[in-house]
Amino acid sequence: MSLPTVAVVGFPNVGKSTLVNRLAGGREAVTHALPGVTRDRKRVRCEWNGVAFELLDTGGIDLEDESELARDIQQQARLGIAEADVVMLVVDARAGVRAGDAELAKTLRGAEVPVLVVANKLDRPEDEHMTAELNKLGLGEPLGVSATHGLGSGDLLDRVVELLGEQARPGEEDEAVRVAVIGRPNAGKSSLVNAFLGSERVIVSPRAGTTRDSIDTELEVDGRRVVLVDTAGLRRRSKVAGTVDYYAQLRSEHAVERADVAIVVCDAADGVTAEDLRVAEIAMRAGCATLLAMNKWDVTRTDIDDARARVTRKLRLRPTVVTCSATRGRNVANLLPKAIELADRAGERIPTPELNRFVADVVAKIPPPSRRGRRLRLYYAAQVGERPPRIAIQVNDRKLIIRDWAYHLENRLRETYALEGIPLVIDFVPHSGRRR
């Protein structure tokens with residue numbers, strides 16, 4: 001059962017994303033002084049006085065802007081209004097009622113759900129008189145707030161919960177599998193997300209960098225609840241420093257840290273590049289299971305065997321490499337079940353007796369090399385964590401560990417327990433007792 005939705009709409013640069021961050025108590029939405037930063041619909045979970053709901057941040061609606069990107073943003077905002085239970089119309093109180101505000105208010109007066117006018121940028125209590133002009137919008141008494149300083153945010157949340165009425169419900173623990181779709185700019189991430197959903201959920205454009213926020217969308221796959229996260233293209237931080245794309249990059253990295261599985265989307269025309277491998281390494285360091293998807297397979301003849309061999313050589317996780325076409329739908333239906341399977345395997349535990357038999361077999365076949373006349377001895381192994389799996393092995397002396405043999409042990413673990421693409425941590429712990 002999904003949470004009720006509160007859509008946050010308004011003219012560009014009135015502070016919608018700042019308000020969403022203030023109400024949700026975080027920095028989920030990308031904000032910047034430039035207008036037009038938010039483009040897609042972005043859901044952010046919010047909880048007030050034990051009642052949970054979702055804030056739906058939308059792009060600025062300027063009905064006079066007829067550019068293709070502006071039309072796409074307007075369409076996304078309209079879809080957000082259509083699926084909302086309450087709509088917040090955010091207006092810059094300092095600027096007063098502009099033509100764009102009046103036109104949008106005229107549209108919202110016909111809405112079938114409650115509409116709340118929010119007069120933003122009232123940074124001082126004595127600025128409250130500025131809300132009077134907003135009554136001419138015909139949508140009821142406006143509520144004055146300062147998204148930057150938090151003034152009036154509690155009263156606004158009280159009013160939202162009141163308007164939600166019976167639809168509001170207590171927050172519940174999220175048990176969904178989180179799947180982040182990551183990759184270089186313009187690799188086809190948003191197209192793949194739309195293909196998963198069967199609708200134009202996020203804006204797709206040939207221009208790189210269209211997606212700036214991390215966009216969460218909930219769906220069901222084979223009876224399992226999945227939160228799909230479309231992210232901005234990952235670049236090297238040095239290339240985006242000082243720009244709005246830098247903050248989009250941070251949101252993408254944070255989305256990976258919160259995800260159970262990352263689908264790394266590669267452009268099949270380029271094969272698996274060094275940048276693709278770097279993106280996969282970001283997921284690995286975040287403890288996220290990883291799957292590589294070679295997108296645009298319908299328009300290329302990339303050697304898939306060569307790509308898989310390169311991934312196996314370069315990435316310790318040895319993630320699976322699959323091919324797909326977001327535009328044609330080829331193999332798209334198989335990607336999410338594979339991602340769910342990865343998440344499940346990352347959460348499994350290996351029984352301690354079985355794990356010790358496995359370690360004994362590996363040592364019997366290829367013993368650790370000796371160092372300065374001494375050989376590493378492995379006494380006892382146990383799994384001490386999952387997501388990602390963590391194995392602790394008691395040894396006689398950690399200084400005797402040979403890196404290549406430790407990698408050999410890790411690779412045998414991956415092969416035996418199907419842990420390809422799953423981060424694996426092996427701790428060699430000095431044995432505290434005496435053994436003869």
Side-chain angles (χ1 to χ4, degrees), residues 6-39 41-42 44 46 48 53 55-65 70 73-74 76-77 80-81 84 86-109 111 114-163 212-213 244 247-248 251:
V6 179
V8 183
V9 303
F11 203 71
N13 216 30
V14 295
K16 297 182 297 299
S17 296
T18 304
L19 181 62
V20 167
N21 286 337
R22 169 64 63 179
L23 299 181
R27 295 185 61 84
E28 291 292 327
V30 175
T31 59
H32 199 272
L34 292 173
V37 170
T38 302
R39 294 170 175 176
R41 290 171 283 156
K42 177 176 176 62
V44 179
C46 184
W48 182 249
F53 54 92
L55 294 168
L56 185 62
D57 190 17
T58 65
I61 303 176
D62 184 355
L63 298 177
E64 293 185 357
D65 190 342
I73 293 172
Q74 292 165 21
Q76 290 293 317
I81 293 171
V86 172
V87 176
M88 279 189 204
L89 172 59
V90 183
V91 181
D92 184 344
R94 291 185 174 277
V97 177
R98 294 174 290 189
D101 298 321
E103 196 166 356
L104 183 53
K106 181 180 178 181
T107 302
L108 291 174
R109 281 199 291 271
V115 179
L116 185 60
V117 178
V118 180
N120 191 26
K121 304 189 180 181
L122 297 181
D123 298 335
R124 301 175 303 170
E126 52 266 35
D127 294 335
E128 187 69 25
H129 68 278
M130 295 181 182
T131 64
E133 184 186 355
L134 305 184
N135 283 294
K136 68 171 66 174
L137 294 175
L139 291 170
E141 187 74 23
L143 272 176
V145 301
S146 170
T148 302
H149 302 294
L151 184 69
S153 59
D155 293 337
L156 176 57
L157 285 167
D158 285 339
R159 181 63 177 144
V160 168
V161 171
E162 180 186 339
L163 290 174
R212 283 174 171 167
D213 271 307
V244 66
Y247 302 100
R251 298 302 192 283

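One-based numbering along the sequence shown.
With rounding to the nearest 0.5 Å, the separation of CD in E141 from CG in L116 is 10.5 Å. In this structure, the separation between CE on M88 and CG on L156 is 4.0 Å, given to the nearest 0.5 Å. Between atom CZ of residue R22 and atom CG of residue L55 there is a gap of 13.5 Å, rounded to the nearest 0.5 Å. From N13, atom CG reaches atom CG of D92 across 8.5 Å, with rounding to the nearest 0.5 Å. Atoms NZ and CG, on K121 and L151 in that order, are 15.5 Å from each other to the nearest 0.5 Å. Rounding to the nearest 0.5 angstrom, the gap separating the CG atom in N120 from the OG1 atom in T18 is 7.5 Å.
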Notebook entry, point to check: What's the verdict on side chain to side chain contact (heavy atoms under 4.5 Å, CB included) for L89 and V118, showing C-alpha distance, side-chain angles and the deciding distance?
Noted result: CA-CA 6 Å; L89 172 59; V118 180; over 6 Å; no
(message) Applying side chain to side chain contact (heavy atoms under 4.5 Å, CB included) to L23 and W48, what does each step give before you reach the verdict?
(response) CA-CA 9 Å; L23 299 181; W48 182 249; over 6 Å; no
May I have the step-by-step check of side chain to side chain contact (heavy atoms under 4.5 Å, CB included) for V8 and V90, ending in yes or no?
-> CA-CA 7 Å; V8 183; V90 183; 3.6 Å; yes
Practice prompt. Please step through side chain to side chain contact (heavy atoms under 4.5 Å, CB included) for the pair C46 and L157, ending with a clear verdict.
Written response: CA-CA 10 Å; C46 184; L157 285 167; 4.0 Å; yes
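Nearest heavy-atom pair across G10 and L104 is CA-CD2, 3.7 Å. Between L122 and G144, the shortest heavy-atom distance links the atoms CD1-CA, 3.5 Å. The two atoms that bring L137 and A102 nearest to each other are CD2-CA, 4.0 Å, heavy atoms only. Scanning all heavy atoms of the two residues, the minimum distance from A147 to G15 falls at CB-O, 4.3 Å. The shortest heavy-atom contact between L139 and A105 is CD1-CB, 3.9 Å. Closest approach of S17 and D57 over heavy atoms only: OG-OD2, 2.6 Å.
Of the possible donor and acceptor atoms, one in the side chain of K16 sits under 3.5 Å from a partner among the backbone N and O of F11.
In this structure the side chain of V115 never reaches within 4.5 angstrom of the side chain of V86, judged on heavy atoms. At least one side-chain heavy atom of L108 sits less than 4.5 Å from a side-chain heavy atom of V9.
Counting only residues at least two apart or in different chains, salt bridge (charged side-chain N to carboxylate O under 4.0 Å, His left out) contacts with residues 143-160 comprise R159-E162.
For S146, the side-chain hydrogen bond (donor to acceptor under 3.5 Å, both in side chains) partners at least two apart in sequence or on another chain are D123. Under the side-chain hydrogen bond (donor to acceptor under 3.5 Å, both in side chains) criterion, R109 pairs with no residue, sequence neighbours left out.
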